[in-house]
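Read the structure below first, then the notes.
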Amino acid sequence: MFDKIMASIFIFLAIGFVTIVLLFSFLLTGKLYYTGLIVALAIILFLFIEFQLYCFFKTKKRKVTFACISIAAIAITAISPIKHAYIDRIPTVGAEVDIYQYMPFSENNNVAVLDEEASLKLTDDQPKIDGATALYPLYSAIVQATYPKKEYNPYDSEVMVNTTPEAYMNLLNGKVDMIFAAAPSVSQQNRAKQKGLELKLTPIGREAFVFFVNQKNSINGLTIDQIKKIYSGEVKNWQDVGGDDDSIRAFQRPEDSGSQTALQKLMEDTPIMEAPTEDIASGMGGIISEVAQYKNYKNAIGYTFRFYSNEMVKNDQIKLLEINGVEPSKETIRNGTYPITSEFYIVTAGTTNPHVEKLIEWILSPEGQQLIERAGYVPIVE
């Protein structure tokens, strides 16, 4: 009997150790939904070995009962992992963008160029730049035209590309001289005031704010009023806007991002409903709630800017919607028929760099505006 007890203790410790290691590894990767299944398998394995050790399975009835209970436990605890495995297989829109293909001066990049050398060449004190991902191809082209030739790593150099919120933070903290971005959110404006800074916005081009759905969605267009009703939560089924009988999964972007600020501006005084969220493990093992990344569910709707979707992502599994019967394109942005257009800006906050104003003047010149056109955007000056 003593030997069996010692064997049981050893088995318990061994299975417990392996279980803890597995749980910790899934915790670090944010896959907490495997917890129930791992614990259930550990318990079933321990009980099976123990029952074998103590000759519990003497009758067929006991074997069948244990098997049925084990299968039921595994089936129940496997529901969440199976669900998440299915979700993980659905592509996240935008994840396939390779930002390095737009890095200035890199070999075989996709950066637009002028026919002749730019009239402005900044040989020293080049302004430090940051900006939105959707505008990186533009200011990369500007840098390639006016800055000295060298490597400008997108994440660690004088010319970076971060998300809009981080670009604004870098600007307000004095880490960069200028950013290329959409207009600031209310909270970003408030943070600037708290720091005693005045944000100067210089419009340099126009862009379309677009909504997109899965290619298989029967909806090809919406009105602004329908979009407001969807994102306020008043309309929850595609059938209510002329589509199939399916619930609407309306994704949003993180607060202070350029596209979220654009949605808030579109919604005006209409409250925006709570966004779909997901639990993500933080670096310290805690759980934070973030806006779920847009996944291309058949019943999903999301939003972005035209250039990012058409030129950078180029995802043939989604389609841009017509708004008020007008499709988003350079032509409809230019002639003003697409109803949700906005300017994008160079934003400064009191920089002392002597070349910032020179660079802005050049961007607004015919040369700079021509480069904006060639990069695939709509210039502010025709």
Exercise. Go through Ile301 and Trp238 one step at a time and tell me if the side-chain contact (heavy atoms from CB on, under 4.5 Å) criterion holds.
Key: CA-CA 10 Å; Ile301 182 172; Trp238 285 111; 4.0 Å; yes
Could you measure the distance from the [atom1] atom of [X] to the [atom2] atom of [Y]? Nearest 0.5 Å is fine.
{"X": "Asn324", "Y": "Gln226", "atom1": "CG", "atom2": "CD", "result": "9.0 Å"}
{"X": "Phe10", "Y": "Ile49", "atom1": "CZ", "atom2": "CD1", "result": "10.0 Å"}
{"X": "Ile323", "Y": "Ile227", "atom1": "CD1", "atom2": "CD1", "result": "3.5 Å"}
{"X": "Ile11", "Y": "Leu47", "atom1": "CD1", "atom2": "CG", "result": "11.0 Å"}
{"X": "Ile179", "Y": "Thr164", "atom1": "CD1", "atom2": "OG1", "result": "7.5 Å"}
{"X": "Leu371", "Y": "Ser365", "atom1": "CG", "atom2": "OG", "result": "9.5 Å"}

Side chains of [X] and [Y] in contact at under 4.5 Å (non-hydrogen atoms):
{"X": "Tyr338", "Y": "Ile340", "result": "yes"}
{"X": "Ile248", "Y": "Lys236", "result": "no"}
{"X": "Ser329", "Y": "Thr332", "result": "yes"}
{"X": "Gln144", "Y": "Asn109", "result": "yes"}
{"X": "Thr19", "Y": "Leu41", "result": "no"}

Would you sort out whether Tyr34 and Thr77 count as a side-chain contact (heavy atoms from CB on, under 4.5 Å), showing the intermediate values? CA-CA 8 Å; Tyr34 280 100; Thr77 55; over 6 Å; no
Requested in this report: Apply side-chain contact (heavy atoms from CB on, under 4.5 Å) to Gln126 and Leu122, showing your working.
Outcome: CA-CA 6 Å; Gln126 294 85 22; Leu122 301 177; 4.1 Å; yes
Ile219 and Gly243 have their tightest heavy-atom pair at CD1-N, 3.5 Å
Within a reach of under 6.0 Å around [atom1] of [X], are more than 12 heavy atoms found that belong to other residues, nucleotides or ligands?
{"X": "Gln52", "atom1": "CD", "result": "yes"}
{"X": "Phe12", "atom1": "CZ", "result": "no"}
{"X": "Met267", "atom1": "CE", "result": "yes"}
{"X": "Tyr100", "atom1": "OH", "result": "yes"}
{"X": "Lys121", "atom1": "NZ", "result": "yes"}
{"X": "Tyr155", "atom1": "OH", "result": "yes"}
{"X": "Gln189", "atom1": "CD", "result": "yes"}

Regarding [X] and [Y], does a basic nitrogen lie under 4.0 Å from an acidic carboxylate oxygen?
{"X": "Lys228", "Y": "Glu234", "answer": "no"}
{"X": "Glu327", "Y": "Arg306", "answer": "no"}
{"X": "Glu158", "Y": "Lys150", "answer": "yes"}
{"X": "Arg374", "Y": "Asp115", "answer": "yes"}
{"X": "Glu207", "Y": "Lys330", "answer": "no"}

Side chains of [X] and [Y]: donor-acceptor distance under 3.5 Å anywhere?
{"X": "Asn173", "Y": "Lys195", "answer": "yes"}
{"X": "Asn110", "Y": "Gln101", "answer": "yes"}
{"X": "Thr348", "Y": "Thr351", "answer": "no"}

Side chain to side chain contact (heavy atoms under 4.5 Å, CB included) with Met178: of Leu171, Ile346, Asn353, only one passes, and it is Ile346
Exercise. Any chance you could lay out the side chain to side chain donor-acceptor pair (under 3.5 Å) test for Glu367 and Ser119, step after step, and finish with the verdict?
Key: CA-CA 8 Å; Glu367 272 186 18; Ser119 58; 3.1 Å; yes
Q) Parallel, tilted or perpendicular: which fits the ring planes of Tyr152 and Tyr147, with parallel below 30° and perpendicular above 60°? A) perpendicular
Q) Where does the angle between the aromatic ring planes of Phe209 and Phe305 fall among parallel (under 30°), tilted (30 to 60°) and perpendicular (over 60°)? A) tilted
Examine [X] together with [Y] and report whether their ring centres are nearer than 6.0 Å.
{"X": "Tyr345", "Y": "Phe180", "result": "no"}
{"X": "Phe212", "Y": "Tyr303", "result": "no"}
{"X": "Tyr139", "Y": "Tyr136", "result": "yes"}

*Has Arg191 got its NZ or CZ under 6.0 Å from the middle of the six-membered ring of Tyr168, at an angle within 45 degrees of the ring axis?*
no
### Message
Test your reading of the model: is there a side-chain donor-acceptor pair from Glu361 to the backbone of Lys358, 3.5 Å cut-off?
### Response
no
ask   = Sub-3.5 Å donor-acceptor pair from the side chain of Gln370 to the main-chain atoms of Leu114, do we have one?
value = no
### Query
Is there a side chain to side chain donor-acceptor pair (under 3.5 Å) between His355 and Asp177 once you walk through the steps?
CA-CA 10 Å; His355 294 319; Asp177 299 301; over 6 Å; no
Problem set entry | Full working for side-chain contact (heavy atoms from CB on, under 4.5 Å) between Lys319 and Asn214 | CA-CA 6 Å; Lys319 60 180 175 181; Asn214 188 288; over 6 Å; no
